[in-house]
K.L.:
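Take this structure first; my questions come after.
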4 protein chains.
Amino acid sequence: MKKELKKDQILGAAGIVFSQKGFHQAKMDEIAVLAKVAKGTLYYNFSSKSELFAATVTQGLNRIMAQIKAELESDLPFMAHLKGLISSIVRLYISHSEVSRIYANEMSSGIDDKVLVEIKGVRKEFIRFIENILKTGEEKGYLRPLPHYLSALAAVGIIDTLCAAHLEDPDKGSVEQIIETVYTILSTGLVANPSGKSHIK
Amino acid sequence: MKKELKKDQILGAAGIVFSQKGFHQAKMDEIAVLAKVAKGTLYYNFSSKSELFAATVTQGLNRIMAQIKAELESDLPFMAHLKGLISSIVRLYISHSEVSRIYANEMSSGIDDKVLVEIKGVRKEFIRFIENILKTGEEKGYLRPLPHYLSALAAVGIIDTLCAAHLEDPDKGSVEQIIETVYTILSTGLVANPSGKSHIK
Amino acid sequence: MKKELKKDQILGAAGIVFSQKGFHQAKMDEIAVLAKVAKGTLYYNFSSKSELFAATVTQGLNRIMAQIKAELESDLPFMAHLKGLISSIVRLYISHSEVSRIYANEMSSGIDDKVLVEIKGVRKEFIRFIENILKTGEEKGYLRPLPHYLSALAAVGIIDTLCAAHLEDPDKGSVEQIIETVYTILSTGLVANPSGKSHIK
Amino acid sequence: MKKELKKDQILGAAGIVFSQKGFHQAKMDEIAVLAKVAKGTLYYNFSSKSELFAATVTQGLNRIMAQIKAELESDLPFMAHLKGLISSIVRLYISHSEVSRIYANEMSSGIDDKVLVEIKGVRKEFIRFIENILKTGEEKGYLRPLPHYLSALAAVGIIDTLCAAHLEDPDKGSVEQIIETVYTILSTGLVANPSGKSHIK
DNA sequence: TATGAATGAGATTTCATTCAT
DNA sequence: CATGAATGAAATCTCATTCAT
């Protein structure tokens, strides 16, 4: 019981340090100090820096995903549902900036392969989740037929990028603007009168 | 003259190593070996690892941007122009995977602040470039009014994400599929009959 | 009473781990796990790793020595006695490989001085025991006059080395071959016709 | 050229420290200080502590073996040859106590397997060398038929043990006494009148 | 201009030992 | 008596950077 407490304490500190410094620049010393435990305690609870990182990201992403799913328990019409989804993701992404910053910046190499695979697994699960929603939308006739996986990826990519920009400099666009932009692009694209697109093409 | 040759030799090696390993995992030793120069020569030509990194990325991105601009010297109608732009970016992104991979993965902290600013500058320039194209499109009535900067960011985000996915596992989607997906989403969005969107909303 | 049980449990585990890994490579954690007690219990019963090591070796050697002495309660003629002694030592050495391996490999530094002295004391006692047998042999006219201590040391050295070789790779020589070799060298040496040695010399 | 100098400097220091403290107790810091180089230089020249250890032992043993062989370039009669061999080994063993102490004490586990194998290889080579001399002696009729490998092992075992004892406490026996004891045991054994051994048995 | 041996600050990790429960 | 979570000193190893040649 007490052990779990310490683990959470550590994960909290790790989230902050990892998101501020990135994996390689984050020092175990700093995490230990912030968590107010001895360095050895870090290793007593997590067998390595990589594993601590994995746990931090995984726990964070899982919490976010759980919250997203929870916020979607609604019976709204599909498009409202979609907008709600986008809104949820963006808001959570921004409010959990520790995790999302890590997620956006540190998916590169240099981390234990096993750990990287684990983290990417969580991301994949998230993309599948979006993919399924898009598939439902298509089946119900709301969305045009598209390669779901790529579309889901694209949706996540837009959100990633806009939120990262917002976190770096909030003046670039408010949260509402971001949600609106994401929703508009995903639903209707940038073109003015899509009905005329056949002419253009 | 000869010095420039050596610099290019080094930048070539650095591009490969940085893209494969990321900034922190890339070792000066390895770059020196690959460039077939002594380690001291690295420091003779670039004052630090960070500066070498900056030069690598900057040079790479500038080359890509120059190529994109070159490929756009056309008088096609706007939408064809847009599609050509997307196609160019995606193809160059994928063929210059050394640079784009770095760009996507290593924008995190842990790199000299000055260097980071320099790199981000190049990215910003790129986004401005896209932004201007979108602005032109809007002025000519092809695109609906939107916050240009966010739209440009979103466009880059989609491309980033899809190309990164392709580079990691080409089976996820062919280059053509990626171009098509990007174009479709950006132009018309995912919704089946956008005309009916008013009802939904 | 129960405490003694636990101590034996621990000493058993320690013997196995110390002999397999050596003093420095043996971890208290591993001993605790193997002994099926908590790590704290190790320290409750033995004040330090060194002391546990000392106890392990001492107990083991004392048991072996007791057995050797027991097997020698005989009235055989001296040379048979000697051969029996060699046979006993070799067999016990090999069957108690946990202890003998420690004894052969870990007499080096890096262990608490006090502990080292204790262990060396047990060894010395053993050598004195051999020495006394040799002295008796000399007094009874069976053995030529020799520095007893060195001879005893030499005898132990031969046995140590051959048994260690056998434990490492039993194909090098069977137990019987080892006993025979030790006995032959100690009794008559390697020279073919010792009577003629004066000529050679 | 200069690099070799530094390597020798390091190997010298390593020999001293390893022999005094043993592998695990020897600290890279101490070796660096004694060698008057920075710690990094140790790693620049030897990729790990284990490798430095291996190099130290291997170089030392090879030197000793070379010297032994050199001292044996003689045309003495076999038994004198044998005595000369013993004398050489014992004297070198004692004068190169750094190496021999390591060799006697640190063949245990806890060292990189690859390194251990390397060191054991040198030892095996040494034993083969002795074995060949014994074989020659047998072929020429000087020595009785015996399992060569075991005999060689036994010879090395006696020398190891007596020299180790001398190094630990020189009062136990002078170098001459040791040589005499080794020679006597190996040549004629301990028994007073070997001719009568049949009766005893 | 080019080299590469040398450096040393600093990072991760280990593990015997302690002590509150 | 027994436990095991917590500790922190200490060790190995890395690698960007320097500088004499």
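Atoms considered below: every heavy atom in the structure, side chains included; atoms not considered: hydrogens, waters and symmetry mates.
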K.L.:
Among D:Thr58, D:Asn45, D:Thr56, find the residue that satisfies the side-chain contact (heavy atoms from CB on, under 4.5 Å) test when tested with D:Leu11.
P.N.:
D:Thr56
K.L.:
So do the side chains of C:Leu61 and C:Glu125 get within less than 4.5 Å of each other, counting heavy atoms only?
P.N.:
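They are not in contact (no side-chain heavy atoms under 4.5 Å apart), so the answer is no.
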K.L.:
From CG of D:Leu42 over to C1' of F:dC15, roughly how many Å is that when rounded to an integer?
P.N.:
16 Å
K.L.:
Nearest-Å distance, CG (C:Asp29) to P (F:dA6)?
P.N.:
15 Å
K.L.:
Classify B:Lys49 by what it touches in the nucleic acid, base, sugar-phosphate, or nothing, heavy-atom distance under 4.0 Å.
P.N.:
sugar-phosphate
K.L.:
Can you tell me which nucleotide in E:dT1, F:dT12, E:dT7 comes closest to the side chain of B:Tyr44?
P.N.:
E:dT1
K.L.:
For D:Thr41 and for C:Ala26, locate the closest nucleotide of DNA chain E by heavy-atom distance; then report the residue assigned to the nucleotide nearer the 5' terminus.
P.N.:
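Nearest-nucleotide comparison on DNA chain E picks D:Thr41.
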K.L.:
In whole angstroms, how far is the C1' atom of F:dA6 from the NZ atom of A:Lys7?
P.N.:
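After rounding, the reported distance stands at 14 Å.
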K.L.:
To the nearest Å, how far apart are D:Leu52 CG and F:dC13 C1'?
P.N.:
13 Å
K.L.:
Side chain of C:Met28: nearest nucleotide among E:dA16, E:dT7, E:dT3?
P.N.:
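Nearest to the side chain of C:Met28 among the choices is E:dA16.
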K.L.:
Of the listed nucleotides (E:dG4, F:dA2, E:dT12), which one gets closest to any side-chain atom of C:Lys6?
P.N.:
F:dA2
K.L.:
Starting from the 5' end of DNA chain F, give me the residue, B:Ser48 or A:Ala38, whose nearest nucleotide shows up first.
P.N.:
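Final value for this comparison: A:Ala38.
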K.L.:
In whole Å, I'd like the distance from the NZ atom of D:Lys36 to the P atom of E:dA6.
P.N.:
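For the pair D:Lys36 NZ and E:dA6 P, the rounded distance is 16 Å.
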K.L.:
Among the candidates E:dT18, F:dA2, F:dA10, find the nucleotide nearest to the side-chain atoms of C:Tyr43.
P.N.:
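Nucleotide nearest to C:Tyr43's side chain: E:dT18.
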K.L.:
What is the separation between atom CD on A:Gln25 and atom C1' on F:dC15, rounded to the nearest whole Å?
P.N.:
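From A:Gln25 CD to F:dC15 C1': 13 Å.
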K.L.:
Check every strand shown and say whether D:Ala32 touches a base, only sugar-phosphate, or nothing at a heavy-atom separation below 4.0 Å.
P.N.:
nothing
K.L.:
Taking the nucleotide of DNA chain E with the closest heavy atom to each, which residue, D:Gly40 or B:Gly40, is nearer the 5' end?
P.N.:
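Between the two, 5'-proximity favours B:Gly40.
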K.L.:
Between C:Lys49 and C:Phe23, is NZ or CZ placed under 6.0 angstrom from the six-membered ring centre and within 45° of the ring axis?
P.N.:
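Yes, C:Lys49 and C:Phe23 form such a contact.
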K.L.:
Check D:Val115 against D:Ala54 and note the closest heavy-atom contact, atom names and distance.
P.N.:
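Minimum heavy-atom contact is CG1-CB, 3.4 Å.
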K.L.:
Give the rounded distance in Å between these two atoms: NZ of A:Lys39 and C1' of E:dT13.
P.N.:
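To the nearest whole Å, that distance equals 9 Å.
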K.L.:
Look at C:Lys27 and E:dC15 and indicate whether a side-chain polar atom (N or O) is within less than 4.0 Å of OP1 or OP2.
P.N.:
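Affirmative; the distance criterion is met.
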K.L.:
Under 3.5 Å, side chain of A:Glu98 to main-chain N/O of A:Ile16, donor-acceptor pair present?
P.N.:
no
K.L.:
Quick one: does NZ or CZ of A:Lys7 land under 6.0 Å from the six-membered ring centre of A:Phe46, within 45 degrees of the ring axis?
P.N.:
yes
K.L.:
To the nearest angstrom, how far is D:Phe23 atom CZ from F:dT12 atom C1'?
P.N.:
10 Å
K.L.:
Report yes if at least one side-chain N or O of D:Asn45 is closer than 4.0 Å to OP1 or OP2 of E:dA6; otherwise report no.
P.N.:
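Answer is yes, contact under 4.0 Å.
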K.L.:
Measuring only between side-chain heavy atoms, which start at C-beta, is A:Val57 closer than 4.5 Å to A:Phe18?
P.N.:
no
K.L.:
Counting a pair only when it is Watson-Crick or G-U and both distances are under 3.5 Å, which runs of at least 3 such pairs involve DNA chain F?
P.N.:
E:2-21 with F:2-21
K.L.:
Is the shortest heavy-atom distance from the side chain of A:Val99 to the side chain of A:Arg63 under 4.5 Å?
P.N.:
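No, too far: nothing below the 4.5 Å cut-off.
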